[in-house]
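Both backbone and side-chain heavy atoms feed into the values below; hydrogens, waters and symmetry mates do not. These numbers were taken from a predicted model, which means no experiment stands behind them. Count residues from 1 along the sequence.
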Amino acid sequence: MTLTGLFVPLITPFTATGDLAADALERLAHDVLDAGASGIVALGTTGEPATLTGDERRRVLDICATVCRERQVPLIAGTGSNSTADSMASLAGLDARVTAALVVVPYYTRPSAAGVVEHFRSVTAASPVPVLVYNIPYRTGVSLDAESLCRLAELPGVAGFKHAVGGIDAATIAFMSRRPAGTSVLAGDDLFAAPLLALGASGAILASANVAPTPYVDMTAAWRDGSMDRARELGNLLAPLSGALFAEPNPVVVKGVLAAQGRIPSAAVRLPLLPATDAAVTVALAALDSSIAAPV
């Protein structure tokens, strides 16, 4: 299985009283697909799954699965933890509505690279769907070299990676040149998506696309189709927007912008996150206006 194009990791909208805003979530899912997204990600980091109840996580997954089934597009579901046994149990509960599971490298406990490989060997064996390895060392505390990434790519059941290492480092360049054929690499850092796509990533998972799906769809497609001048132009155009949306912890500014646009009922997040500052939302709205207004 090869995953290509733009996948949007949907925010989880809340009402002003902090309840799950199910109707708004469904509308957002349709909006990004109408804009040309290849699929959606439910319960990714942007969706605040750590602060959702079990019932809320199931409801979010059900809503996203229903939309994806109606639209006949892939659904990626975020799951997994720093416990191998718990990750295996959560993966075993997935069903055929899910195209792939996005499973984070174990965080906080900081296992060795060999431990990470064995973790994924176990969880893929328990998973009824292909697994995407979520490599995000600035959240997990674990940095993987190119050899370890290639070992993970060769595991049965690993379909690819969400690669979000905070830049384009030596390990990334080596891995992109050595990765096994058929391994999907999806750019996961909004600010560095364009250069990773230039290195051959098959697509992207970008939180910024919640607020501006069309230009991010176009940028991803331009790199894939070989329209280099257009791809570079779009990447440069969107960089200030991505920077503004990540000026405060994700997804607080994204939610602030969506609320200001009237697309979700409130900008509410759950502790330990705090709502975005007015200043950050103002800057992001201005960057959004510039990205939409600029000719491409």
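The closest side-chain heavy-atom distance from Phe246 to Asp190 is below 4.5 Å. Contact of the Val211 side chain with the Leu245 side chain is registered, since non-hydrogen atoms from C-beta on lie closer than 4.5 Å. Within the 4.5 Å cutoff, no side-chain heavy atoms of Val104 are placed close to those of Asn135. Considering only heavy atoms from C-beta on, Thr2 comes within 4.5 Å of Ser184 through its side chain. Between Leu132 and Ile76, the closest side-chain pair of non-hydrogen atoms falls below 4.5 Å. Side-chain contact between Thr183 and Phe161: present, with at least one pair of heavy atoms (C-beta onward) separated by less than 4.5 Å. A heavy-atom distance below 4.5 Å is found between the side chains of Leu52 and Leu43. In this structure the side chain of Ser266 never reaches within 4.5 angstrom of the side chain of Thr15, judged on heavy atoms.
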Stepwise side-chain contact (heavy atoms from CB on, under 4.5 Å) check, Arg224 with Ser202: CA-CA 7 Å; Arg224 182 187 63 219; Ser202 59; over 6 Å; no
Verify side-chain contact (heavy atoms from CB on, under 4.5 Å) between Leu152 and Val116, making sure each step is shown before the conclusion. CA-CA 8 Å; Leu152 287 169; Val116 171; 4.2 Å; yes
Test salt bridge (charged side-chain N to carboxylate O under 4.0 Å, His left out) on Glu56 and Arg59 and set out the steps. CA-CA 5 Å; Glu56 287 172 332; Arg59 181 68 175 135; over 6 Å; no
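Between the Asn210 side chain and the Ala207 main chain, a donor and an acceptor come within less than 3.5 Å of each other. Between the side chain of Lys255 and the backbone N or O of Pro13 there is no donor-acceptor pair closer than 3.5 Å. Remark: side-chain polar atoms of Ser227 are not paired, donor with acceptor, to backbone N or O of Ala231 under 3.5 angstrom. A side-chain donor-acceptor contact under 3.5 Å links Ser38 to the backbone of Thr4. In this structure a side-chain-to-backbone donor-acceptor pair under 3.5 Å is present from Thr277 to Ala280. The closest donor-acceptor contact from the side chain of Thr99 to the backbone of Pro74 lies at 3.5 Å or more, if one exists at all. Not one N or O on the side chain of Ser208 forms a donor-acceptor pair closer than 3.5 Å with the backbone of Ser242. The backbone N or O of Tyr216 sits less than 3.5 Å from a side-chain atom of Thr220, completing a donor-acceptor pair. Formation of a donor-acceptor pair under 3.5 Å by the Arg230 side chain with backbone atoms of Ala222 is not found in this model. The backbone N or O of Leu237 sits nowhere less than 3.5 Å from a side-chain atom of Ser291 that would complete a donor-acceptor pair.
The pair Asp62-Arg97 counts as a salt bridge, with a side-chain nitrogen and a carboxylate oxygen less than 4.0 angstrom apart. Electrostatic pairing of Arg71 and Asp34 counts as a salt bridge here, judged by a charged N lying under 4.0 Å from a carboxylate O. Taking the charged nitrogens against the carboxylate oxygens, Glu48 and Arg57 have no contact shorter than 4.0 Å, which rules out a salt bridge. Under a 4.0 Å N-O distance rule, the pair Arg151/Glu154 does not qualify as a salt bridge.
The CD atom of Glu26 sits 10.5 Å away from atom CG of Asp31, with the distance rounded to the nearest 0.5 Å. The distance from the CG atom of Asp189 to the NZ atom of Lys162 is 8.0 Å, given to the nearest 0.5 Å. Rounded to the nearest 0.5 angstrom, Phe120 CZ and Ser127 OG are separated by 11.0 Å. A distance of 6.0 Å separates CG of Leu28 from CG of Leu258, quoted to the nearest 0.5 Å.
Counting non-hydrogen atoms of other residues, nucleotides and ligands closer than 6.0 Å to CZ of Arg263 gives a total above 12. Counted within 6.0 Å of CZ on Arg270, heavy atoms from surrounding residues, nucleotides or ligands total more than 12; the atom is thus considered enclosed. Applying the 6.0 Å contact sphere to CD of Glu70 captures more than 12 heavy atoms from other residues, nucleotides or ligands. Under a cut-off of 6.0 angstrom, the local environment of CG in Asp95 is crowded, with over 12 non-hydrogen atoms contributed by other residues, nucleotides or ligands.
Under the 4.5 Å side-chain heavy-atom criterion for grouping Ile, Leu, Val, Met, Phe, Trp and Tyr, Phe192 is not connected to Ile136 through any hydrophobic cluster. Val8 and Leu191 fall into different hydrophobic clusters, where Ile, Leu, Val, Met, Phe, Trp and Tyr residues are linked whenever their side-chain heavy atoms come under 4.5 Å apart, directly or through other members. Note on Val73: it clusters hydrophobically with Ile40, by side-chain heavy-atom contacts below 4.5 Å among ILVMFWY residues. When the side chains of ILVMFWY residues are joined at heavy-atom separations under 4.5 Å, either directly or via intervening members, Tyr138 and Ile205 end up in a single hydrophobic cluster. Cluster membership check: Leu6 shares its hydrophobic cluster with Met228, using side-chain heavy-atom separations under 4.5 Å among Ile, Leu, Val, Met, Phe, Trp and Tyr.
Side-chain contact check for Asn250 and Thr46: at least one donor-acceptor pair (N or O, by modelled atom type) lies under 3.5 Å. For the residue pair Thr84 / Ser122, no side-chain donor-acceptor distance below 3.5 Å is found, with atom types taken as modelled. Residues Ser83 and Ser81 bring no donor and acceptor atom of their side chains to less than 3.5 Å of each other. Judged purely by distance below 3.5 Å, without hydrogens or angles, the side chains of Thr140 and Tyr108 never pair a donor atom with an acceptor atom.
In this pair, His163 and Phe175 present their aromatic rings tilted. The plane angle is within the 30 to 60° band.
Cation-pi geometry between Arg139 and Tyr107 is not met at under 6.0 angstrom from the ring centre and within 45 degrees of the axis.
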